Each structure stands twice: as structure tokens, then as C-alpha cells.
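Whatever order the structure lists them in is the order used to number ligands and atoms, beginning at 1. As the structure is a computational prediction, the values presented were derived from the model and not from experiment.
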Amino acid sequence: MINVIFLGPPGSGKGTQATILANNLEIPTISTGDALRREVENESEIGKMAKGYMTSGQLVPDEVVINIIKNRITQEDCSNGFIVDGFPRNISQAKSFDQMLKTVNRKIDIVFNFEVNDDILVKRISGRFSCKECGALYNRYFKTLKKEGVCDSCNSSQFLNRADDNENTVKSRLEVFHGFNGDLTKYYKKNNLLYSIDAVQSVPFVSERLIEISKKFLSLNNN
Ligand code: AP5
């Protein structure tokens with residue numbers, strides 16, 4: 001069992017690395033951002049409410065994301081652990097998460113803090129696009145398609161850009177991130193859970209480090 005949190009600014013590679021680590025450890029990824037985007041796409045009540053916050057780069061109210069997490073972590077596929085990407089975003093969410101986990105006799109084992117400077121983030125976000133069919137993630141500058149116009153994974157020719165990946169929203173998202181992340185990293189550092197990750201490095205370099213730390217934890221704690 002291993003329960004992992006990914007903290008880090010927009011564009012730092014959390015989603016990219018969550019997919020790789022989840023495959024390696026055979027546990028699911030829970031992304032509040034992806035869950036909220038699905039609600040927006042389905043035009044649900046939650047989606048209608050969340051849309052304004054997301055397009056302006058602000059945090060969606062705590063109770064909404066806390067409920068998403070609460071419903072998800074108790075599902076069967078999380079019984080060997082999970083990777084949470086994009087939650088918690090502030091101390092209040094972190095404390096609620098701890099309480100929630102206590103009620104199901106679980107705890108956080110590792111918090112990876114992805115560190116990348118803002119200039120690189122802006123380039124990563126402005127270059128990001130994904131496959132409309134399978135969701136595979138690409139980047140105009142850093143991870144291009146092997147064959148122009150065709151998804152490497154599923155051969156689809158349809159791609160998407162995220163609505164919140166425009167210049168103004170990215171600025172707000174970074175401001176929000178910098179406003180909350182200091183307290184959050186202090187909170188997890190105090191509990192000896194925090195691992196700083198140099199996420200400027202290449203995708204394979206970063207994933208190797210995440211896998212190494214996670215496997216070490218598993219070997220020491222799960223026989
Ligand atoms: P969310 O979807 O969580 O977005 P985010 O945190 O802003 O992070 P991103 O998804 O933009 O980036 P990422 O770190 O996953 O990077 P990626 O791997 O894609 O949240 C969106 C919104 O939802 C929030 O603004 C908020 O409104 C709401 N929300 C979500 N959670 C919430 C919560 N808990 N509370 C309240 N509101 C919440 O990589 C980016 C690009 O870089 C890709 O193109 C990738 O190919 C490339 N790349 C990745 N790694 C590398 C590398 N090492 N080198 C070069 N390129 C790389």
C-alpha cells in the first residue's frame with residue numbers, strides 16, 4: 001500500500017508523471033483537475049459551478065474537491081494505494097484530507113513537490129495539447145508527435161487545447177499556486193513526508209527518481 005500526493009505548479013509535469021508512476025506501481029491516479037474538467041464537459045451542476053473558477057484560474061471551493069476525493073479514495077481500485085494529482089491545494093484541503101484518511105485507517109506516505117521555475121512553466125503550458133480520443137499528452141516544444149497530425153498512442157487525428165491554458169489564466173493559476181504552496185509544503189515537511197523533485201529535468205529522469213523513492217518506501221514498509 002502506498003498513498004502519494006503530487007504538489008507542484010501548473011505545467012510542472014504532475015499529470016505526465018502521475019500516469020507513469022501509476023502504471024509502474026499499479027495504482028490509480030486521482031486528478032481533481034481531470035475530474036472537474038469532466039464535470040464541465042458533461043454540463044453537470046458541479047461543472048456549471050466550477051467552470052467560472054477554472055477559466056479564471058482560481059480554486060474551485062474546497063467542499064467540491066473534498067467530495068470528489070472522498071468518493072474516489074474509497075473505491076475498490078484504491079485499495080493498494082493511489083496518486084493524488086492536484087489535491088490538496090491549500091492547508092484547509094490538506095487537513096480535511098488527513099481527517100478523511102484517518103476515518104478509513106489510512107495515511108499519506110509520500111508527498112512529491114515538483115519544482116520548476118515560472119519561465120519554463122509558461123512554455124510548457126503554452127505548448128501543451130492532448131489527443132481528443134485517448135487523452136495522451138503532447139507538447140509543441142518538448143514532446144512532439146512522431147508522425148505529424150497523428151496520435152502516437154491511438155492514431156487519432158483530433159487534438160485538444162485546454163481552455164485554461166491561455167496567457168491570462170496561466171498568470172492567475174501561477175499566482176494562486178504561489179499564494180498557497182509555501183504553507184502546504186511546510187505542513188508536509190513538518191510531518192517528514194516531503195520530497196523535493198527537480199522537475200526541470202527530462203520526463204524519464206524525473207520518473208526514475210519518483211519510482212526509486214516510491215519503491216524504497218514500499219520495500220521498507222510492505223515487506
Ligand atoms: P489542474 O488540472 O490540476 O491543473 P494544474 O495544477 O494547473 O496543472 P496542469 O495540469 O496544468 O499541469 P501538470 O503539472 O499536470 O503538467 P503536465 O503533466 O500536463 O487544475 C486545473 C484547475 O482545476 C485549477 O486551476 C482549479 O481551478 C481547479 N482545481 C483542480 N484541483 C483543485 C483543487 N484541489 N482545489 C480547487 N480547485 C482545483 O505537463 C505540462 C506540459 O509540459 C505537457 O505538454 C507535457 O508534455 C510537458 N512536460 C511535462 N513534463 C515535462 C518535462 N520534464 N520536460 C519537458 N516537458 C514536460
Participant: Could you check Gln17 against Ile20 for side-chain contact (heavy atoms from CB on, under 4.5 Å), going step by step and ending with a plain yes or no?
Facilitator: CA-CA 5 Å; Gln17 295 295 340; Ile20 299 170; 4.1 Å; yes
Participant: Is a side-chain donor or acceptor of Tyr141 paired with a backbone partner of Ser126 at a separation under 3.5 angstrom?
Facilitator: no
Participant: Please indicate whether any nitrogen or oxygen in Asp85 is less than 3.5 Å from any nitrogen or oxygen in ligand 1.
Facilitator: no
Participant: Which is closest to atom 23 (O) of ligand 1 in terms of heavy atoms, Lys143, Met54, Arg140?
Facilitator: Met54
Participant: Out of all atoms in ligand 1, which are within 4.0 Å of some heavy atom of Arg37? Include the element for each.
Facilitator: 2 (O), 21 (C)
Participant: I'd like to check which ligand 1 atoms, numbered from 1 as shown, lie under 4.0 Å from a non-hydrogen atom of Leu137.
Facilitator: 17 (P), 18 (O), 19 (O)
Participant: If you measure every N or O of Gly86 against every N or O of ligand 1, does any of those distances drop under 3.5 Å?
Facilitator: yes
Participant: At what distance is the nearest protein heavy atom to atom 31 (N) of ligand 1, and which residue and atom is it?
Facilitator: Thr32 OG1, 2.8 Å
Participant: With distance as the sole criterion, is a donor-acceptor pair present between the side chains of Asn113 and Thr185 under 3.5 Å?
Facilitator: no
Participant: Report the C-alpha distance between Ile213 and Phe112 in whole Å, list the side-chain angles of each, state the deciding distance to 0.1 Å, and finish with yes or no for side-chain contact (heavy atoms from CB on, under 4.5 Å).
Facilitator: CA-CA 10 Å; Ile213 295 169; Phe112 287 122; 3.7 Å; yes
Participant: Would you indicate which of Val84, Asn139, Ile120 comes nearest to atom 47 (C) of ligand 1 when only heavy atoms are counted?
Facilitator: Asn139
Participant: Against ligand 1, does Ile125 come closer than 4.0 Å with any heavy atom?
Facilitator: no
Participant: Identify which of Gln17, Lys14, Arg89 has a heavy atom lying nearest to atom 8 (O) of ligand 1.
Facilitator: Lys14
Participant: N/O to N/O below 3.5 Å, does that happen between Phe129 and ligand 1?
Facilitator: no
Participant: For ligand 1, which atoms sit closer than 4.0 Å to a heavy atom of Gln58?
Facilitator: 26 (C), 27 (O)
Participant: Can you find a non-hydrogen atom of Gln201 under 4.0 Å from ligand 1?
Facilitator: yes
Participant: May I ask you to list the atoms of ligand 1 that are less than 4.0 angstrom from any heavy atom of Phe87?
Facilitator: 34 (N)
Participant: Could you tell me the residue and atom name of the protein heavy atom closest to atom 4 (O) of ligand 1, and the distance to it rounded to 0.1 Å?
Facilitator: Arg162 NH2, 3.2 Å
Participant: Under 4.0 Å from any heavy atom of Pro9, which atoms of ligand 1 are there?
Facilitator: 14 (O)
Participant: Looking only at protein heavy atoms, which one is nearest to atom 38 (C) of ligand 1, and what is the separation?
Facilitator: Leu36 CD1, 3.9 Å
Participant: Under 4.0 Å from any heavy atom of Phe142, which atoms of ligand 1 are there?
Facilitator: 55 (C), 56 (N)
Participant: Quick one: closest heavy-atom pair of Ser214 and Leu210, and the distance?
Facilitator: OG-O, 2.7 Å
Participant: Is the shortest N/O to N/O distance between Arg128 and ligand 1 below 3.5 Å?
Facilitator: yes
Participant: How far is atom 37 (N) of ligand 1 from its nearest protein heavy atom, and which residue and atom name does that atom have?
Facilitator: Val60 N, 3.0 Å
Participant: For the residue pair Gly86 and Arg89, what are the closest heavy atoms and their distance?
Facilitator: O-NH1, 2.7 Å
Participant: Pick one of side chain, backbone, both or neither for how Tyr138 approaches ligand 1, counting any non-hydrogen atom pair under 4.0 Å.
Facilitator: backbone
Participant: Could you walk me through whether Leu59 and Val65 satisfy the side-chain contact (heavy atoms from CB on, under 4.5 Å) test, starting with their C-alpha distance in whole Å, then the side-chain angles of each, then the deciding distance to 0.1 Å, before giving a yes or no?
Facilitator: CA-CA 10 Å; Leu59 294 183; Val65 285; over 6 Å; no
Participant: Has Ala50 got any heavy atom lying under 4.0 angstrom from an atom of ligand 1?
Facilitator: no
Participant: With the threshold set at under 4.0 angstrom, would you say Ser12 reaches ligand 1 through any of its heavy atoms?
Facilitator: yes
Participant: Would you indicate whether the side-chain heavy atoms of Leu25 and Lys215 approach each other to under 4.5 Å?
Facilitator: yes
Participant: Looking at Val64 and Met49, what are the two nearest heavy atoms and their distance?
Facilitator: CG2-CE, 3.3 Å
Participant: Examine Gly15 against ligand 1 and note whether any of their N/O atoms are separated by less than 3.5 Å.
Facilitator: yes
Participant: With heavy-atom distances below 4.5 Å as the criterion, would you say the side chains of Phe142 and Lys123 are in contact?
Facilitator: yes
Participant: Say whether Gly13, considering both its backbone and side-chain N or O atoms, lies within less than 3.5 Å of an N or O atom on ligand 1.
Facilitator: yes
Participant: Identify the two heavy atoms, one from Lys95 and one from Tyr187, that lie closest to each other, and give their separation to 0.1 Å.
Facilitator: CG-OH, 3.8 Å
Participant: Quick one: does Asp164 get an N or O within less than 3.5 Å of an N or O on ligand 1?
Facilitator: no
Participant: So, for Arg128 and Arg173, which heavy atoms are closest and what is the spacing to 0.1 Å?
Facilitator: NH2-NH2, 3.5 Å
Participant: Heavy-atom distance under 4.5 Å between the side chains of Leu121 and Val170, does that happen here?
Facilitator: no
Participant: Which ligand 1 atoms are under 4.0 Å away from a heavy-atom of Ser202?
Facilitator: 53 (N)
Participant: Please check whether Asp34 reaches ligand 1 - meaning an N/O of the residue sits under 3.5 Å from an N/O of the ligand, judged on distance alone.
Facilitator: no
Participant: Minimum heavy-atom separation for Thr144 to Arg140, with atom names?
Facilitator: CG2-O, 3.4 Å
Participant: Considering only protein heavy atoms, which is closest to atom 25 (O) of ligand 1, and at what distance to one decimal place?
Facilitator: Arg173 CG, 3.9 Å
Participant: Kindly indicate whether the side chain of Ile197, heavy atoms from C-beta on, has any atom under 4.5 Å from the side chain of Arg209.
Facilitator: yes
Participant: Please list, in number order, the atoms of ligand 1 under 4.0 Å from a heavy atom of Val203.
Facilitator: 50 (N), 51 (C), 52 (C), 53 (N)
Participant: For atom 35 (N) of ligand 1, what's the nearest protein heavy atom and its distance?
Facilitator: Gln93 NE2, 3.0 Å
Participant: What protein heavy atom lies closest to atom 49 (C) of ligand 1? Include the residue and the distance to one decimal.
Facilitator: Thr16 OG1, 3.5 Å
Participant: Can you say whether the rings of Phe87 and Phe97 are parallel (under 30°), tilted (30 to 60°) or perpendicular (over 60°)?
Facilitator: perpendicular
Participant: Give me the nearest non-hydrogen protein atom to atom 12 (O) of ligand 1 as residue plus atom name, then the distance to 0.1 Å.
Facilitator: Gly11 N, 2.8 Å
